[in-house]
2 protein chains.
Amino acid sequence: MARESVTAKRRTPKAPEDRIRARNEATILRAAVELFARKGFDGTRIAEIAEASGLPKANVYYYFETKEAIYATLIERLLKGWDKALEHIRADREPREAIAAYIAAKLDYSRRHGTESRFFANEIMRGGAFLSKAQRRHMQEITRERVDVVDGWVRDGRLRPLDPRHFFMMLWASTQFYADFAEVAAMTLGKPKLDAADYEAARRTVVDVIVAGCLAAESRP
Amino acid sequence: MARESVTAKRRTPKAPEDRIRARNEATILRAAVELFARKGFDGTRIAEIAEASGLPKANVYYYFETKEAIYATLIERLLKGWDKALEHIRADREPREAIAAYIAAKLDYSRRHGTESRFFANEIMRGGAFLSKAQRRHMQEITRERVDVVDGWVRDGRLRPLDPRHFFMMLWASTQFYADFAEVAAMTLGKPKLDAADYEAARRTVVDVIVAGCLAAESRP
DNA sequence: CAGGAACTTGACATTCTGGTCAGGTTTTGG
DNA sequence: CCAAAACCTGACCAGAATGTCAAGTTCCTG
């Protein structure tokens, strides 16, 4: 049909982006990610998304064929950010710094994009039913590359012998936690909400423990 | 009203438990926890729970007043397991062993009760709206006790200086991960499903890294 | 500035959902 | 074996959800 959400082509490429469409789609997606993150796919009503966007429901349907289309668009977009932090894990870097940088980047993402992070986690927890085969493979490949880097460090004797895949999951878990379970984290700290200082303390703790825990004995200070 | 779900009293205490009621409630809860874990509270239809239980919808309503009642019953039950693993963290134990035992227990729980674990995580991710004030306080207190133990170890110089609360979250995150994101874990390992050996490898990696990462230099081997 | 494309939206049709209920069947204690 | 309690369930309801539409309004381009 004529308009196909983000990838639609209008009669003339015209402006850098169709301002109205771009603005409204952005508004809808912003509202949707929040709701999906909190109530899941099945639990989110289109009427809620519309209300949260300040648009009439029919207008939401004008921009997105179905609820699935909104969800899929978000997945697609989020997936692009997936590998971002992983880029810190490079063979030519010192393990200590690379790992510290990864943790810092991931925690920063958790802080700045908590909602998106939660949305994505939610999708994964449901078994990633919305992920296409290609998307799955992409994630797997990206991860494998970095696993190989860590494995190289282990073989070089720069890291103590450990299973790089499980090590990776520790990194992911420890940082993702601060987005997904920000509530628990705040509760544990006895605060209503996490602030920048809390994230800094988290970073320090995670980096300290993990770096000290994975470096080979001879490279430890 | 007459029947009040689990705590109802029948005319005679009779059998060790009302077999019919006990069996059906258990069936319903088993089906419900699975669905809630996967689709959240709002996303789960009572009709689905009924179908998954193999009972007519009206029968589900016979045992539980509302959907909330089912959910609340599950929360209540799950909360009892919350502190279980934490009991390993005792001041009179050697930190190394206590922490290793905690990790092993938590991972074991993740493996054996993945669904419940996911259900609980889901609830927390949504901000724990269903947790009562008392339940929240309970969790906070339980955590605080154990935080104090870890803090004691730090002050004794048995653990390197670290924020015990963030350290705790690392423990929680690294173990919870294997329940909530079993799918990602399996994907990362390139398997369809995690088996016992995978959990053992996870345990070893997490214990190795965290123990080595938190022990004070002088107590390290 | 005209005309077509893009956008907007109230109202509607259809399907679902949580929850109720009345009238049945089975269990159980005595 | 018999009443009373416990259990079962098809049918039903009111409100809500999704998705459609046709009749408009606004925007852009030639």
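Residue numbering restarts at 1 for every chain, and letters A, B, ... go by the order of the sequence lines. Just so you know, these numbers come straight off a predicted model, no measurement behind them.
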A.B. asks: Thinking salt bridges, do Glu34(B) and Arg30(B) make one under a 4.0 Å N-O criterion?
C.D. replies: no
A.B. asks: Rounding to an integer number of Å, can you tell me how far Ile20(A) CD1 sits from dA5(C) P?
C.D. replies: 16 Å
A.B. asks: Ile70(B) has an atom CD1; how far is it from atom P of dG18(C), in whole Å?
C.D. replies: 10 Å
A.B. asks: Does a nitrogen or oxygen in the side chain of Tyr63(A) sit under 4.0 Å from OP1 or OP2 of dT8(C)?
C.D. replies: yes
A.B. asks: With sequence neighbours left out, write down each residue that passes ring-ring contact (aromatic ring centres under 6.0 Å, His included) with His138(B), or none if nothing qualifies.
C.D. replies: none
A.B. asks: Quick one: which of dT18(D), dT27(C), dC27(D) gets closest to the side chain of Arg45(A)?
C.D. replies: dT18(D)
A.B. asks: Calculate the interatomic distance between Tyr71(B) atom OH and dG18(C) atom P; express it in whole Å.
C.D. replies: 15 Å
A.B. asks: Tell me which nucleotide among dA6(D), dC7(C), dT18(D) gets nearest to the side chain of Lys67(A).
C.D. replies: dT18(D)
A.B. asks: Test: salt bridge (Lys or Arg N to Asp or Glu O under 4.0 Å). Region: residues 48-57 of chain A. Which pairs qualify, not counting sequence neighbours?
C.D. replies: Lys39(A)-Glu48(A)
A.B. asks: With respect to the phosphate group of dA6(C), does any side-chain polar atom (N or O) of Asn24(A) fall under 4.0 Å of OP1 or OP2?
C.D. replies: no
A.B. asks: Under a 4.0 Å N-O cut-off, is there an ion pair linking Arg204(A) with Asp163(B)?
C.D. replies: no
A.B. asks: Do the side chain of Asp180(A) and the main chain of Met125(B) share a donor and acceptor less than 3.5 angstrom apart?
C.D. replies: no
A.B. asks: Look for any protein N or O under 3.5 Å of an N or O in nucleotides 22-25 of chain D and output each such pair with its distance, or none.
C.D. replies:
none

A.B. asks: Output the single nucleotide from dC7(C), dA6(D), dC21(D) whose closest atom is nearest the side chain of Tyr62(B).
C.D. replies: dA6(D)
A.B. asks: Between Tyr61(B) (OH) and dA11(D) (P), how many Å, whole number?
C.D. replies: 19 Å
A.B. asks: If we ignore hydrogens and angles and just use 3.5 Å, is the side chain of Glu200(A) paired with the main-chain N or O of Ala197(A) as donor and acceptor?
C.D. replies: no
A.B. asks: How close do Ile89(A) and Ala98(A) get, heavy atom to heavy atom, and via which atoms?
C.D. replies: CD1-O, 4.0 Å
A.B. asks: Could you tell me the separation between the OG atom of Ser174(B) and the CD1 atom of Ile210(B), rounded to the nearest 0.5 Å?
C.D. replies: 4.5 Å
A.B. asks: Can you figure out which of dT18(D), dC7(D), dT8(C) approaches the side chain of Arg21(B) most closely?
C.D. replies: dC7(D)
A.B. asks: Within residues 46-57 of chain A, which residues have any heavy atom lying less than 4.0 Å from an atom of DNA chain D?
C.D. replies: Ile46(A), Ala47(A), Lys57(A)
A.B. asks: Which salt bridge (Lys or Arg N to Asp or Glu O under 4.0 Å) pairs, counting each pair once, include a residue from residues 121-149 of chain B, with sequence neighbours left out?
C.D. replies: Glu183(A)-Arg136(B)
A.B. asks: Roughly, in whole Å, what's the span from CZ in Arg19(B) to P in dA5(D)?
C.D. replies: 21 Å
A.B. asks: Do the charged groups of Arg21(A) and Glu25(A) touch, with an N to O distance under 4.0 Å?
C.D. replies: yes
A.B. asks: Just how far, in rounded Å, is P of dC21(C) from CG of Asn59(B)?
C.D. replies: 17 Å
A.B. asks: Look at the aromatic rings of Tyr71(A) and Phe41(A) and report parallel, tilted or perpendicular, splitting at 30° and 60°.
C.D. replies: perpendicular
A.B. asks: To the nearest 10 degrees, what angle separates the axes at the start and end of the helix from dC1(C)-dG30(D) to dG30(C)-dC1(D), five pairs each?
C.D. replies: 30°
A.B. asks: How long is the line joining CD1 of Ile28(A) and P of dT9(C), in whole Å?
C.D. replies: 11 Å
A.B. asks: Taking the side chain from Lys106(A) and the backbone from Leu171(A), do they hold a donor-acceptor pair closer than 3.5 Å?
C.D. replies: no
